[in-house]
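Please read the structure below before turning to the comments.
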Amino acid sequence: MTGLVYKKLPIEDITHLTRKEFVDGSEQKFYDALLKSMTEHGMRDPIFIKQIEKNKVKILKVTVGNNRMVIAKELGIKLIPAIIRLLNPNDNTIKGRPLTTEQEIIDLFHSKEGLDIKKENGVIYEVMPKNPQKYGRI
């Protein structure tokens, strides 16, 4: 079992980071390109979330896709496609669709070129496009 599930989650249920550089104009070209892409196409690729426990409360924290979360909030996107790494692989408390193969993960992505599936001891811990700007897809 991979301990990964796919589900569209309400944006308010997800904790994410807002990088200063992304919103202060330092990365304006990237910000504008991502805003344009998401305005035209919505969120094409799922974000990657790690389910963690803090003070006995389970939290869904974005590990890949923080910039997309910033834009999704700006655009008023309510449901976010996500791959979630469960806190306990044997307890699918999210009630999402279990992902058991790499192909199932790959099939969720629009930008399949350069998709990077990182593993440690055979366990997937991160999924992301290698460089979405390089491949012309944000």
Are [X] and [Y] in one and the same hydrophobic cluster, where Ile, Leu, Val, Met, Phe, Trp and Tyr link if side-chain heavy atoms are under 4.5 Å apart?
| X | Y | value |
| --- | --- | --- |
| I52 | L17 | no |
| L108 | I106 | yes |
| L75 | V70 | yes |
| L79 | Y6 | no |

I'd like to know if the side chain of [X] reaches the main chain of [Y], judged simply by a donor and an acceptor atom lying under 3.5 Å from each other, with no hydrogens or angles considered.
| X | Y | result |
| --- | --- | --- |
| N66 | T18 | no |
| E104 | T101 | yes |
| T39 | L35 | yes |
| Q51 | L87 | yes |

Which heavy-atom pair separates [X] from [Y] by the least distance, and what is that distance?
| X | Y | result |
| --- | --- | --- |
| A82 | I49 | CB-CD1, 3.7 Å |
| D116 | K118 | OD2-CE, 3.1 Å |
| R85 | Y125 | NH1-CB, 3.1 Å |

So, do [X] and [Y] sit near enough that their side-chain heavy atoms are less than 4.5 Å apart?
| X | Y | answer |
| --- | --- | --- |
| K73 | H16 | yes |
| I14 | I47 | yes |
| I83 | F109 | yes |

Gap between atom [atom2] of [Y] and atom [atom1] of [X] - 0.5 Å precision:
| X | Y | atom1 | atom2 | result |
| --- | --- | --- | --- | --- |
| R68 | F22 | CZ | CZ | 10.5 Å |
| I105 | L4 | CD1 | CG | 5.0 Å |
| D45 | L115 | CG | CG | 8.0 Å |
| K8 | R97 | NZ | CZ | 11.0 Å |
| N67 | M69 | CG | CE | 11.5 Å |
| I11 | M43 | CD1 | CE | 6.5 Å |

Query raised in the report: Should E102 and K119 count as an ion pair when the cut-off is N to O under 4.0 Å?
Result: yes
Report task. Could you tell me whether E27 and R19 make a salt bridge, using a distance below 4.0 angstrom between a side-chain N and a carboxylate O? Result -> yes
Give every donor-acceptor pair under 3.5 Å between a side-chain atom in residues 53-64 and any protein atom, sequence neighbours left out.
unit_1 : atom_1 : unit_2 : atom_2 : d
T63    : OG1    : F48    : O      : 3.3

Query - Residue among T93, I84, L99 satisfying side chain to side chain contact (heavy atoms under 4.5 Å, CB included) with V5 - result: I84
